[in-house]
Amino acid sequence: MQKFIKDLANHVGEEITIKGWLYNKRSSGPIAFLELRDGTGWIQAVAVKKDFSEELWTEMEKVGQESSVEVVGAVTKHPKKENVFELQIKDFKILQLAADYPIALKDHGPDFLLDNRHLWLRSRRQWAILRVRDAITTAINEFLHQEGFIRTDSPIFTPSACEGTTTLFPVPYFDEGTAYLSQSGQLYSEAAIMSVGRCYDFGPVFRAEKSKTKRHLTEFWMMDAEAAFVEHDENLKLQEGLVRYILRYCLKNCQEELLTLERNQEPLQKADAPFTRFTYDQAIEKLHELGSDIKYGEDLGNDDEGLLTKDSAVPVFIEKWPKSIKPFYMKRDAENSDRVLNDDLIATEGAGEIIGGSQREDDYELLLSRIQAEGLDVEDYKWYLDLRKYGSVPHSGFGIGLERMVRWVTGVEHIRECITFPRTIGRLKP
Ligand code: ATP
């Protein structure tokens, strides 16, 4: 009977079948040690020559790294290690014999690995990252449903910009002219909350980012949450609740993965405490104290974000930014009309911005004047303005970048390892 490696603790003493791939092999005379993986984990399988026919032993000696195999054997406890199991091989079948697997179990350069991403995914490290990514997705879905959000999703083909016109990918769209790949589903979620109250979308978004940083992809996954009757302060509480839920979920459910990645878990544990809150003005003041030459009214760069959080055990909110450097849909701050009710959430350990959020402008005239002031075509936003004509309510939302969160939790240096097939300025293949 086929069993999965993750369940072997329940099958000690039983004879089972594992279907998977050969990860590594070493032999010492009459004993062969095969390291097998089946997608759920890794196990050492032991074969003793005297228990095999000549034919089967020869077959086993031939098997190369990443050959697909079916192995029958008895599950035993590791003689020395707690909670580690082995398979004593009784029978062995090669499903497909792989020879000269290009990724040997040694160091390769990043370009080589990225060119072979379709194979690189099978490494232990990439396996662990993919699983943490899945855990974060699950945690996000769980938390939002607990908070009364439902998933409605948003289109990818859009007729206009949401996050500025400089990072749009145009696509020819039949007789309709040019469509753009979505930068964020937010505007559509704002429509959907007027039906369901609280909703989110979770899918790929696209930014023609010219920046070649370790935090930017041109295609990344974003979860945009939107809620009716939620104002700025409650919006921040939801974001903090979500991030702390994700951290707890991963620490609880991803121990094997974090150990595989040699992730120091202490900073993640410590980050699960009340977050710090700075206004934009306070943040600039603090940055000046720390030696930054950033000017009032400028966006924070990567270095500024790092500087601001370097001594912080918890993520830092920067709220109430200048209107002039933020998108048209953000609601003005009633206490200072040059500021908007928004926030960026900066993670610890130099991981940078993970969330951007804001209360949305709900007044028809003010929104219209912002759209006009930005030089956007009002006709494109007619439907969006309708939401302020028919039962407008205070509402807020935020977008979390999945790969940014994966990068922080796993501690990997470059965001390109946080998605199955990364898309960056210089990479479209495989
Ligand atoms: P940044 O200033 O870091 O470029 P942004 O201000 O453009 O980010 P938002 O438009 O607020 O980001 O997007 C919401 C979230 O999406 C960000 O907080 C981040 O987690 C993620 N994100 C934004 N751009 C990218 C990108 N190019 N690659 C990966 N994730 C991104």
Side-chain angles (χ1 to χ4, degrees), residues 132-154 162 182 184-205 220-254 268-269 271-277 314-320 329-331 340-348 351 353-362 387 391-406 408-409:
V132 171
R133 182 186 163 98
D134 173 67
I136 293 173
T137 306
T138 306
I140 291 174
N141 285 314
E142 262 187 33
F143 175 84
L144 289 172
H145 280 98
Q146 284 170 20
E147 294 293 328
F149 289 76
I150 68 159
R151 182 167 172 173
T152 47
D153 287 333
S154 299
C162 172
S182 176
S184 155
Q186 175 206 317
L187 304 191
Y188 294 98
S189 290
E190 284 186 62
I193 56 164
M194 305 301 173
S195 165
V196 299
R198 292 180 169 207
C199 76
Y200 67 103
D201 61 38
F202 205 161
V205 291
F220 63 97
W221 277 59
M222 180 143 80
M223 188 289 294
D224 278 301
E226 199 66 31
F229 305 106
V230 164
E231 302 199 35
H232 178 66
D233 281 326
E234 197 182 345
N235 194 27
L236 265 57
K237 283 200 191 95
L238 280 168
Q239 294 167 45
E240 177 173 331
L242 172 65
V243 171
R244 292 178 62 180
Y245 190 90
I246 295 171
L247 293 175
R248 278 198 296 280
Y249 188 94
C250 291
L251 287 165
K252 180 161 176 255
N253 296 291
C254 300
L268 298 178
Q269 285 152 356
D272 180 19
F275 293 179
T276 304
R277 216 165 136 169
V314 293
V316 174
F317 281 113
I318 307 173
E319 57 171 347
K320 302 186 179 171
Y329 53 74
M330 294 183 177
K331 187 177 173 69
V340 284
L341 294 175
N342 77 313
D343 67 277
D344 279 4
L345 181 61
I346 318 297
T348 57
E353 182 191 325
I354 47 172
I355 290 185
S358 68
Q359 185 165 344
R360 320 304 191 189
E361 184 52 75
D362 50 48
L387 306 176
S392 189
V393 297
H395 63 285
S396 303
F398 61 91
I400 184 168
L402 176 60
E403 292 76 18
R404 293 267 178 102
M405 197 66 205
V406 174
W408 180 33
V409 171

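The first residue in the sequence is number 1, and the count goes up from there.
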Q: Looking at residues at least two apart in the chain, or sitting in another chain, which of them share a salt bridge (Lys or Arg N to Asp or Glu O under 4.0 Å) with Asp134?
A: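 Salt bridge (Lys or Arg N to Asp or Glu O under 4.0 Å) list for Asp134, sorted by chain: empty.
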Q: Is it true that a side-chain atom of Asn141 and a backbone atom of Thr137 form a donor plus acceptor pair closer than 3.5 Å?
A: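 Looks like yes, one N/O pair under 3.5 Å.
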Q: Of all residues at least two apart in sequence or in a different chain, which pass the side-chain contact (heavy atoms from CB on, under 4.5 Å) check with Ser189?
A: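 By the side-chain contact (heavy atoms from CB on, under 4.5 Å) rule, Ser189 matches Ser154, Cys199, Asp201, Glu226.
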Q: Sequence neighbours excluded, which residues qualify as ring-ring contact (aromatic ring centres under 6.0 Å, His included) partners of Phe220?
A: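 None.
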Q: Mind checking what makes ring-ring contact (aromatic ring centres under 6.0 Å, His included) contact with Phe398, not counting sequence neighbours?
A: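 In terms of ring-ring contact (aromatic ring centres under 6.0 Å, His included), with neighbours along the sequence ignored, Phe398 is linked to no residue.
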Q: Taking only residues two or more places apart in sequence or in another chain, which ones pass side-chain hydrogen bond (donor to acceptor under 3.5 Å, both in side chains) with Lys331?
A: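 For Lys331, the residues satisfying side-chain hydrogen bond (donor to acceptor under 3.5 Å, both in side chains) (neighbours in sequence not counted) are Asp362.
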Q: Applying ring-ring contact (aromatic ring centres under 6.0 Å, His included), name anything that partners Tyr249, two or more places apart in sequence or on another chain.
A: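 Scan of Tyr249 (ring-ring contact (aromatic ring centres under 6.0 Å, His included), adjacent residues dropped) gives none.
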Q: State, yes or no, whether a side-chain contact exists between Leu345 and Val316 at a heavy-atom distance under 4.5 Å.
A: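 Heavy-atom side-chain distance check fails, nothing below 4.5 Å.
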Q: Over all heavy atoms of both residues, which pair between Ser358 and Asp343 is shortest? Give the atoms and the distance, please.
A: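 The answer is N-OD1, 4.2 Å.
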Q: Does a side-chain heavy-atom distance below 4.5 Å link Tyr188 with Asp224?
A: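 With C-beta onward as the side chain, the pair stays apart.
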Q: Who passes ring-ring contact (aromatic ring centres under 6.0 Å, His included) against Phe202, sequence neighbours left out?
A: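 By the ring-ring contact (aromatic ring centres under 6.0 Å, His included) rule, Phe202 matches no residue at all.
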Q: My understanding is that only residues two or more places apart in sequence, or in another chain, count here; which of them pass salt bridge (Lys or Arg N to Asp or Glu O under 4.0 Å) with Asp344?
A: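 Partners of Asp344 under the salt bridge (Lys or Arg N to Asp or Glu O under 4.0 Å) test: Lys326.
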Q: Under the criterion side chain to side chain contact (heavy atoms under 4.5 Å, CB included), I'd like the reasoning laid out for Ile354 against Ile346: C-alpha separation, chi angles, the key distance, then a yes or no.
A: CA-CA 6 Å; Ile354 47 172; Ile346 318 297; over 6 Å; no
Q: Does Ser184 reach the side chain of Met222, with side-chain heavy atoms less than 4.5 Å apart?
A: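 Yes, side chains in contact.
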Q: Once side-chain contact (heavy atoms from CB on, under 4.5 Å) is applied, do any residues pair with Glu147, and if so which ones, sequence neighbours excluded?
A: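 Partners of Glu147 by the side-chain contact (heavy atoms from CB on, under 4.5 Å) criterion, ordered by chain and then number, come out as Phe143, Phe149, Arg198, Leu238.
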Q: Looking at Gln359 and Pro394, what are the two nearest heavy atoms and their distance?
A: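 Shortest heavy-atom separation between Gln359 and Pro394 comes out as NE2-CB, 4.1 Å.
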Q: Report the C-alpha distance between Arg404 and Glu353 in whole Å, list the side-chain angles of each, state the deciding distance to 0.1 Å, and finish with yes or no for salt bridge (Lys or Arg N to Asp or Glu O under 4.0 Å).
A: CA-CA 8 Å; Arg404 293 267 178 102; Glu353 182 191 325; 5.1 Å; no
Q: Not counting sequence neighbours, which residues clear side-chain hydrogen bond (donor to acceptor under 3.5 Å, both in side chains) with Glu240? List them please.
A: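 Glu240 satisfies side-chain hydrogen bond (donor to acceptor under 3.5 Å, both in side chains) with Arg244 only.
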Q: Do the ring planes of Phe317 and Phe275 sit parallel (below 30°), tilted (30 to 60°) or perpendicular (above 60°)?
A: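 Answer is tilted, since the angle falls between 30° and 60°.
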Q: Once side-chain contact (heavy atoms from CB on, under 4.5 Å) is applied, do any residues pair with Ala273, and if so which ones, sequence neighbours excluded?
A: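 Result, side-chain contact (heavy atoms from CB on, under 4.5 Å) vs Ala273: Val314.
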Q: Can you list the residues that meet the side-chain contact (heavy atoms from CB on, under 4.5 Å) rule with Ser182, with sequence neighbours excluded?
A: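 Partners of Ser182 by the side-chain contact (heavy atoms from CB on, under 4.5 Å) criterion, ordered by chain and then number, come out as Thr158, Val205.
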